[in-house]
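Single-structure report; data block below.
Letters A, B, ... are given to chains in the order of the sequence lines, protein chains preceding strands, and every chain is numbered from 1. These numbers were taken from a predicted model, which means no experiment stands behind them.
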Number of protein chains: 2
Amino acid sequence: MATLAEVARHAGVSASTVSYVLSGKRSISEETRQRVESSIRELGYHPNAGARALASSRSHIIALMVPLRTDMYVPVMMEIAIAVATTARGFGHDVLLLTGEEGPEAVRRVAASGLADAMIVMDVELDDERVPLLRDSARPSVLIGLPADPAGLTCVDLDFTATGALCADHLAQFGHRDVAVVGEAAAVYRRHTGFAERTLAGLRARAKEHGMRVIHRPCQGSYESTAGALARIFEERPDTSALVVQNEAAVGPMLALLRQQGRAVPEDVSVVAICPDQVAVQASVQLTSVALPAQEMGRKAVELVMAKIEGGEAEPLTLLPPQLTVRASTGPAPAAA
Amino acid sequence: MATLAEVARHAGVSASTVSYVLSGKRSISEETRQRVESSIRELGYHPNAGARALASSRSHIIALMVPLRTDMYVPVMMEIAIAVATTARGFGHDVLLLTGEEGPEAVRRVAASGLADAMIVMDVELDDERVPLLRDSARPSVLIGLPADPAGLTCVDLDFTATGALCADHLAQFGHRDVAVVGEAAAVYRRHTGFAERTLAGLRARAKEHGMRVIHRPCQGSYESTAGALARIFEERPDTSALVVQNEAAVGPMLALLRQQGRAVPEDVSVVAICPDQVAVQASVQLTSVALPAQEMGRKAVELVMAKIEGGEAEPLTLLPPQLTVRASTGPAPAAA
DNA sequence: CTCTTTCGTCGAAGCGCGTCGCTGGGTAGA
DNA sequence: TCTACCCAGCGACGCGCTTCGACGAAAGAG
């Protein structure tokens, strides 16, 4: 492996000059810059990460903490993770993958060892153990998701309250009066993950304004549990004419069940999904949906964390506005029986 | 941040002694070890990652390269990635997340900068650009997947040939004569990703021995494309009594379509899936399936890579034996029409 | 009782890079 | 012509850790 010193010798300059060529922190004559750069290419030089980290106390690494559980929709996680990695590379940084398993200890370890310059934490719960640590840590961090008390933190999330409201608006427009929400697994609510509750709150508030009734049933996402949730919904509210699904795994089973029960979509029942576009368009009926802007969340999180690394202040709360795409699964409410 | 030197002063020993306590590379009296360890705890000392990497030329980081594309089943990737991260932590290592986007350049960069001690590469294609680089690199690497020429490499994969054969055996046992494979997206075959072709080959060879006929249709995984694949299958071979599905996304749509067409599973058509257990049990019919041992692959890859880091030699080719779990989707072939 | 080992510890020399302060030569202003 | 200044480049130091050789003390061998 070539070193800085070897490049310097090869180019006939001192080591510090090569360093300044690389960092651009002092002016260098065009001529020597050229010479140094061609030496770098010729020797295939790559700066040693450890040495650079030691000398500059910057590792150019961002830690990304993903949840270990898999009861949430994984592709969204993955999409965010990939967007984070890609964006970070654009800033000259790499991404360290931490699983939730280590929990708060990982936060301490990474912060204290200088392994990473900053952290991005996904799947934040309303009352998350890691939050106080992050708040007190000297290292910058960005949360994807919203804890109960976001004071002193930087958070990025989809505006789920607005998402709920948007669904309500769309359905009200079509004259629906009885709406049912097929939600995430009960465990998600029990953990008080913020997004599920906020969606529901936004939907309920706006539905009230529109004079719509709302009921809500959690759902594991399996065929069985989806069948159960649907059965209970139509039992309790036979006039239900619209479903809002916030559970990607339940989408397929639900459509299959409705078809089986002879309920046509959207003639008898309208369906709005909160899910990635890919799921919406691959379903048996093209679904009207509000997308989870996974890529944008990942990208935004990195931009914020980079701003904080550079010493700038970052907007404490970034709520991405939801966008509803109308497809084939929503239409006018059927005339009341 | 406390440093080694501060710990040493606090414990009344030299820095090197503290270092040896940490690494265990020289004998230390029980008494001083105690003293040093309590100083470490008291000061909340964590070794500086950069300094350690520089001095020892070992970063304690393993790079994991995941594919950028999302036309493969993502949860499996994620499960492997998480297994890798978890296992690596058990070895005192962290995981750096690289996306396929950078391609071969990432391999060079990581190897030359000493950012990582080793690499694990997922989603290897039969003729992969990264393979020659890895083969020539001084740093250890392990592939998950099997390239055309695995000479000089260390590879881990499910034994897909045996998987295909296992499916054939199972179906032959039930007297099926006409088998159809619903495969991955055509793009997967075009890229010559090894696993899809090997499954097919294993299935075909064993089917021949059993006197079964096999046809194969690729499938994007959407409802539409699944419908198309099924239609063509039953058009060409109306007597098809068994389906082998190697495409997780197609499982749901396929079962829905069969139901719609009045083909009962398993009375009219038997179905064997090659997919994670979770998908198999969450489907509307509990599927007989061969699981992708994602966790085991991730774990094994780390174990191999660690052995190579420690200087040992690693088994060049680890093929994990497939396991078929019989559930409710396979049964005797219907009497021929 | 001396000579060699072994054990536990120390000091110092780096690992490869970033950064500070300095210098020599050129330019501009007076 | 002299001072004032800026530009390019250099040398030295230090970041925090690992590791090697050395050394004193205790223990065993002759």
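- When distances run from any side-chain atom of S27(A) to the nucleotides dC7(D), dG9(D), dC15(D), the shortest one goes to dC7(D).
- Judged by atom type and distance alone, R52(A) does not reach the base of dG18(C) through any side-chain donor-acceptor pair under 3.5 Å.
- Interatomic distance, CG of L97(A) versus CD1 of I61(B), reported as 12.0 Å (0.5 Å rounding).
- The 12-atom threshold is exceeded at CD of E310(A), counting heavy atoms of other residues, nucleotides or ligands nearer than 6.0 Å.
- The side chain of S29(B) places an N or O atom within less than 4.0 Å of a non-bridging phosphate oxygen (OP1 or OP2) of dT9(C).
- The CG-P distance, from L43(A) to dG16(C), rounds to 14 Å in whole Å.
- T32(A) comes within 4.0 angstrom of the backbone, heavy atoms only, and of no base.
- Between D117(A) atom CG and dG18(C) atom C1' the separation is 15 Å, expressed in whole Å.
- In this structure, R26(A) places its CZ atom 14 Å from P of dC6(D), rounding to the nearest Å.
- Contacts of L4(A) with the nucleic acid, taken as non-hydrogen atoms under 4.0 Å apart, involve only primed sugar atoms and P, OP1 or OP2.
- Contacts between residues 16-24 of chain B and DNA chain D, defined by a heavy-atom separation below 4.0 Å, involve S16(B), S19(B), Y20(B), listed by number.
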Before giving the answer on side chain to side chain donor-acceptor pair (under 3.5 Å), spell out for S19(A) and S16(A) the whole-Å C-alpha distance, their side-chain angles and the decisive distance to 0.1 Å.
-> CA-CA 5 Å; S19(A) 178; S16(A) 53; over 6 Å; no

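- For the pair R9(A) CZ and dC10(D) P, the interatomic distance rounds to 14 Å; values are reported in whole Å.
- By the 4.0 Å N-to-carboxylate-O rule, E6(B) lies too far from R9(B) to be salt-bridged with it.
- Looking at I62(B) and I120(B), their side chains come closer than 4.5 Å, going by heavy atoms from C-beta outward.
- The pair R109(B)-D94(A) meets the salt-bridge criterion, with a side-chain N (NZ, NE, NH1 or NH2) lying under 4.0 Å from an Asp/Glu carboxylate O.
- Atom NE2 in H60(A) sits roughly 13 Å away from atom P in dC17(C) (whole-Å rounding).
- Note that CG of L320(B) and CG of D159(B) are 8.5 Å apart. Values are rounded to the nearest 0.5 Å.
- In this structure, L115(A) atom CG and dG16(D) atom C1' are separated by 14 Å, rounded to whole Å.
- Base contact: L54(A) has a heavy atom under 4.0 Å from a base atom.
- Relative to the side chain of N48(A), the nucleotides dG16(C), dG16(D), dA22(D) differ in distance, and dG16(C) lies closest.
- Atom CE in M1(A) sits roughly 11 Å away from atom P in dG16(C) (whole-Å rounding).
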Would you sort out whether M119(A) and R130(A) count as a side-chain contact (heavy atoms from CB on, under 4.5 Å), showing the intermediate values?
-> CA-CA 11 Å; M119(A) 279 190 85; R130(A) 301 166 297 186; over 6 Å; no

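- For dG9(D), its base never sits under 3.5 Å from the side chain of R33(A) at any donor and acceptor pair.
- Atoms CD (E30(B)) and C1' (dC7(C)) sit 15 Å apart, rounded to a whole Å.
- When each of G50(B) and K25(B) is assigned the nucleotide of DNA chain D with its nearest heavy atom, G50(B) is the one assigned upstream, toward the 5' end.
- For the OP1/OP2 pair of dT18(D) and a distance below 4.0 Å, the side-chain nitrogens and oxygens of S56(B) include no atom meeting the criterion.
- Where P47(A) and R35(B) meet DNA chain C, the nucleotide closest to each residue was compared, and R35(B) sits on the side nearer the 5' end.
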